[in-house]
Amino acid sequence: MRPLDFDYMLSILPVLLKYLPLTMGMASISMLLALGLSCLVAIIRVLQIPILNSLSKVFISFFRGTPLLVQLFLFYYGLPQIFTSLTALDGVSAAIIGLTLHFSAYMAESIRAAILGVDRSQWEAARSIGMSEGQMMRRIILPQAARVAAPTLVNYFIDLIKSTSLAFTLGVTELMGATQKEAAGSFLYFESFILVALIYWVIVEILSHIQKVLEQRLGKAVAR
Amino acid sequence: MISVRGLKKSYNGQKVLNGIDLDIERGERIVIIGPSGTGKSTLLRTLNFLEQPDAGTISFDTLKIDVANASSADIKKLRLHTAFVFQNYALFANRTAQENIAEGLQVVRGWKKKDALKRASEILSEIGLSDKADAYPAALSGGQQQRVGIGRAMAANADLILVDEPTSALDPEWVEEVLQLMGKVAAAHQTMLIVTHEMRFARDIADRVLFMEGGRIVEQGPPEKIFSQPDDPRLKQFLRKLL
Ligand SMILES: Nc1ncnc2c1ncn2[C@@H]1O[C@H](COP(=O)(O)OP(=O)(O)O)[C@@H](O)[C@H]1O
Ligand SMILES: [Mg+2]
């Protein structure tokens with residue numbers, strides 16, 4: 001066994017960290033878009049809006065039933081061949097679209113379950129005072145469902161951050177891509193990848209901590 | 001005047017409302033009594049479209065709704081004419097007492113938030129809960145929650161308040177304060193349709209008592225008549241059981 005080259009690790013740390021904003025940026029944008037889309041899909045499912053409900057079921061089934069990597073390749077390499085106007089789709093955009101759709105499918109089911117968990121009396125009270133279905137969802141049901149779903153959604157965000165590393169297969173130089181490049185130059189694969197693993201780990205630990213605090217706060221707020 | 005004609009509702013082939021006809025005068029306070037499972041709740045709920053009725057018409061003055069073909073605009077109008085007080089209070093869990101009362105004014109009736117909250121605060125003082133304005137429902141007693149529920153219905157300024165067993169879910173210690181508030185609302189000649197098992201209360205505040213059985217209004221009349229000289233054998237039996 002050879003000793004680890006700590007000096008090398010220290011020297012590439014700042015280089016890798018320069019790509020952290022791109023990784024977190026892709027993750028955050030995907031998460032925000034996925035939150036919007038998954039809420040929409042969940043509401044369509046809950047209110048059983050005709051046609052859209054069937055489409056949502058297929059959407060959820062497909063994006064949960066196929067590997068993320070396959071979906072990313074489909075968007076980046078496949079779609080532009082069919083829709084020639086998409087040729088300009090760069091790796092970052094393709095990754096964001098793929099991650100958004102993939103995680104929306106999972107999050108929609110969690111949000112749906114949380115919505116259905118909101119007591120029937122809340123729906124009836126909202127309808128009885130004349131709220132539209134949209135007002136009821138936005139003002140009464142979703143805020144209560146969000147409390148229930150929040151810890152799960154943080155889990156998905158954690159998963160999403162790690163999944164952005166797949167964007168490197170689309171030629172995106174994010175955290176993982178940058179590490180791969182460094183490693184290919186220095187041949188110090190172990191040092192490079194253990195370092196990037198540690199970076200992901202620290203980020204996830206920070207988020208897990210935030211999640212715990214969030215859970216405690218929400219737990220208190222809904223305690224009866 | 002409010003008119004209901006031929007209102008019908010079935011669940012999976014089981015007839016729960018067998019063609020209800022009912023005229024309600026403005027300011028009239030009507031109490032509905034009857035054994036459980038006879039469609040009292042269903043009647044109130046169909047009048048507010050919490051349940052879709054199968055057939056019949058519901059009219060509020062010039063607004064006439066054929067329930068089988070009601071559009072969502074019709075339903076909304078109907079709901080603006082009515083307010084509902086639920087057995088289990090059904091306060092919005094993510095809104096304070098004051099916000100619960102203001103919500104409908106602000107969101108459905110388009111009041112400015114400031115005005116809605118101001119009106120809510122006036123109502124809170126009428127129902128004796130000014131000190132609980134900022135409390136969430138989870139922090140209120142059952143009696144307080146139901147009083148806010150009644151306050152929410154008062155805020156709607158509805159032509160008709162539908163009240164479904166307002167005290168049935170309450171611990172006995174809170175029943176009196178809720179009945180007192182109901183009595184106060186009734187004393188202001190608010191048009192109301194109240195389902196209750198509190199016969200003393202019914203006798204005190206009702207202009208008319210309806211006895212329902214098997215999805216029909218079997219007998220109706222002023223409380224003195226219904227409680228002292230009932231005609232229908234089923235009503236007699238129902239009253240005998242209560243004593
Ligand atoms: N959502 C529902 N689905 C199926 N059956 C129902 C539903 N709601 C009420 N019922 C049935 O309708 C009948 C009348 O119920 P309800 O109106 O609640 O009676 P009441 O309020 O007089 O006790 C009962 O037999 C009840 O089981
Ligand atoms: Mg009932």
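Throughout, a chain's letter reflects where its sequence line sits, starting with A, and its residues are numbered from 1.
Looking at every heavy atom in both residues, A:Ala125 comes nearest to B:Ala90 through CB-O, 3.2 Å.
Within a 6.0 Å sphere centred on NZ of B:Lys76, other residues, nucleotides and ligands contribute more than 12 heavy atoms. The number of heavy-atom neighbours closer than 6.0 Å to CD of A:Gln81, taken from other residues, nucleotides and ligands shown, is 12 or below.
Contacts between B:Leu162 and chain A at a heavy-atom distance below 4.5 Å are absent for every atom of the residue. The contact between B:Asn48 and chain A is made entirely by side chain atoms (from C-beta outward), counting heavy-atom distances below 4.5 Å.
Ranking B:Leu91, B:Leu80, B:Thr82, B:Ile75 against chain A, the residue ahead of the rest is B:Leu91, based on heavy-atom pairs under 4.5 Å.
Within the structure, ring-ring contact (aromatic ring centres under 6.0 Å, His included) pairs that include any residue of residues 24-70 of chain A comprise A:Phe59-A:Phe63 (at least two apart or interchain).
Between the CD1 atom of A:Ile141 and the CZ atom of B:Phe92 there is a distance of 8.5 Å, given to the nearest 0.5 Å. Note that the CD atom of A:Glu124 and the CG atom of B:Asn88 stand 8.0 Å from one another [nearest 0.5 Å].
Put simply, the side chain of B:Arg79 does not reach to within 4.5 Å of the side chain of A:Met131, judged on heavy atoms. For the pair B:Phe86 and A:Ser128, the minimum side-chain heavy-atom distance is below 4.5 Å.
Heavy-atom neighbours of chain A within the stretch residues 100-109 of chain B, taken at a separation under 4.5 angstrom, comprise B:Glu103, B:Gly104, B:Gln106, B:Val107, B:Val108.
Remark: of the listed residues A:Gln144, A:Arg139, A:Arg147, A:Gln144 is the sole one forming a side chain to side chain contact (heavy atoms under 4.5 Å, CB included) with B:Asn94.
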